[in-house]
Amino acid sequence: IPPPPLYYSPFPTGQQNPAAMKNQSWSFPSNFFWGVASAAYQVEGAVKAEGRGPSVWDVFTHRVTDFIVGNATGDIADNQYYLYKQDIARIAALGVPYYSFSISWSRVFPFGRGEVNEQALLHYDDLINTCLEYNVQPIVTLYHWDLPLYLQNLYGGWLDESYTDIVNDYVEYARVVFSRYGNKVQHWFTFNEPIVFCGEYPYPENYFKATSVPVKQQPYVCGHNFLLAHGQAYRLAKSMGINGTVSFKNNGAYRIPLTNSSADALATQRAWDFNEGWFANPVFINGDYPQYLKEYVSDFLPEFTAEQKAMINGSADIFAEDAYTAQFYFAPSNTIEACVANTSDPLYPGCFNTTYTYSDQDGGWNIGPAADPAAPWLHKTSDWLPAFLHYIQDTWKPREGVAITEFGFGEPFEELKTIRADILSDPIRSSYYHDYLEGVLIALSEGVNVVGTIAWSIFDNLEWAEGYSVKFGMQYVNFTTQERFYKASFFEYVNMFKTYQQGS
Ligand code: LGS
């Protein structure tokens, strides 16, 4: 276990006393949950260990050519399947109270359905119990994109047009996990970022069973299955009386009209509908898809029965948003009528255009919009984040508040300097976390019910199609030796809570 943390500041004078910098009118409530995150395929490794079955990501990484930067795989990744005890000890040593991770479905059910693999459950028993022994509360996501390969080939996975097989298999998996850990987990997430696994990753025909669903329709079939599976899992959890909140992780960006024209306002509203609203309106408003989805892609949208609407409506306790950044929106130059027909991208049907403005000092990753001629007031994350949190609360009115379940800073060419034996400096990520949490504090002071923040990520890991080329970690990992090193941003993150959380 490493030594107790010191305070490291990204700010010019170097180490500072956080108390001296404290804004007295800000605070995190005492029950605010905060921690760090990972996901099974990105960190576990051990892909053939103890009866794990393959997932679609084993195919993406091993079979699909030119898809993953550097032909990287998750075969070993951070080897967390074996190193979890030290990993939990390292976060506990910094006083991190929550660890958010996902469970691998194809470990628990190597074929996605059928026999449960008890060895996998013994592993997760120990992972969860180790967290609890260290006083780190586990937060569990059931599905972070690693679909058991067998189900992809059996009925097309999330493209299952019966809308029953995939839903039933998922809900059965959820039942096994809920009944094993229901009383040990304070926050459950059924799914991570449906828009990503439904829209962003292709299922190349050569590698999976061919599907009869046309490409343009695929995201909407997948999204429909997601909503049914999520809703049923939520109802199941409640009927089992499990402890803890149950929600799904939605994702996106704060969407800002580029100008104050009504065309840009409309384009921005369409973007909300095609992104967060696609899933949030059914779950938080009325059990049904938002207006612009119905208007523009009605041909692709399956319908819910009245019973299904009632089941989906209200099926989340908190609104969980993975919120990294903001985007400007402007009206497309083509006519709105043509926007669906004109595009080959099924997910973003040309009904709005987007632009990011980056602060480019870091080599490309956006750390929040830099000043844009259209919005000269916007310089950093804390300028837009409170508005985003207000927007979520006002639009979707979650019963138990809003949580930011991922935020973080990805660095493509990360150069780290040693500042102490075990600590490396990453000043841009440090100021990202500092500034972002100031945005959360401002929102709290303005009355938004923000209930938690989870930083992505516990350490560098397999960044999906980017392989190991983009680093999001608050710890650096030497992938040859599997040694971990804290980055200074981790201390910045922790110290914001030491400074501002009531009772800390
Ligand atoms: O590792 C993933 C992280 C990294 O950044 C994680 O598995 C996902 O759940 C999540 O999508 N993650 C993520 N999202 C950032 C999206 C930022 C959008 C801005 C893109 C600008 C070019």
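FYI, the numbering just counts along the sequence from 1. All values below come from the heavy atoms of this structure, side chains included, with hydrogens, waters and symmetry mates left out. Just follow the structure's listing: the first ligand is 1, and inside any ligand the first atom is 1.
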**Study point:** Numbered atoms of ligand 1 (with element) below 4.0 Å of His144, judged on heavy atoms
**Key:** 6 (C), 7 (O), 8 (C), 9 (O)

**Study point:** From Ser106 atom OG to Trp57 atom CH2, the distance as rounded to the nearest 0.5 Å
**Key:** 14.0 Å

Check your understanding: In terms of side-chain geometry, is the basic nitrogen of Asp426 or Lys471 positioned less than 4.0 Å from the acidic oxygen of its partner?
Key -> no

Review point. N/O of Lys249 under 3.5 Å from N/O of ligand 1, yes or no?
Key: no

Check your understanding: If you measure every N/O of Asn461 against every N/O of ligand 1, is any gap under 3.5 Å?
Key -> no

Check your understanding: Measuring from the heavy atoms of Asn251, does anything fall under 4.0 Å of ligand 1?
Key -> no

Review point. Does NZ or CZ of Arg180 come closer than 6.0 Å to the centre of the six-membered ring of Tyr124, within 45° of the ring's axis?
Key: no

Review point. With sequence neighbours left out, what residues match Tyr181 under ring-ring contact (aromatic ring centres under 6.0 Å, His included)?
Key: none

Check your understanding: Salt bridge check: are Glu321 and Lys249 linked by an N-O gap of less than 4.0 Å?
Key -> no

Revision key, fill the gap. Near Thr325 (heavy-atom distance under 4.0 Å), the atoms of ligand 1 are 19 (C)

Point to revise | Partner residues of Asp273 under the salt bridge (Lys or Arg N to Asp or Glu O under 4.0 Å) criterion, sequence neighbours left out | key: none

Point to revise | Winner among Phe472, Trp456, Phe409, Tyr324 once heavy atoms are compared against atom 14 (N) of ligand 1 | key: Tyr324

Review point. Looking only at distance, does Trp464 have an N or O less than 3.5 Å from an N or O of ligand 1?
Key: yes

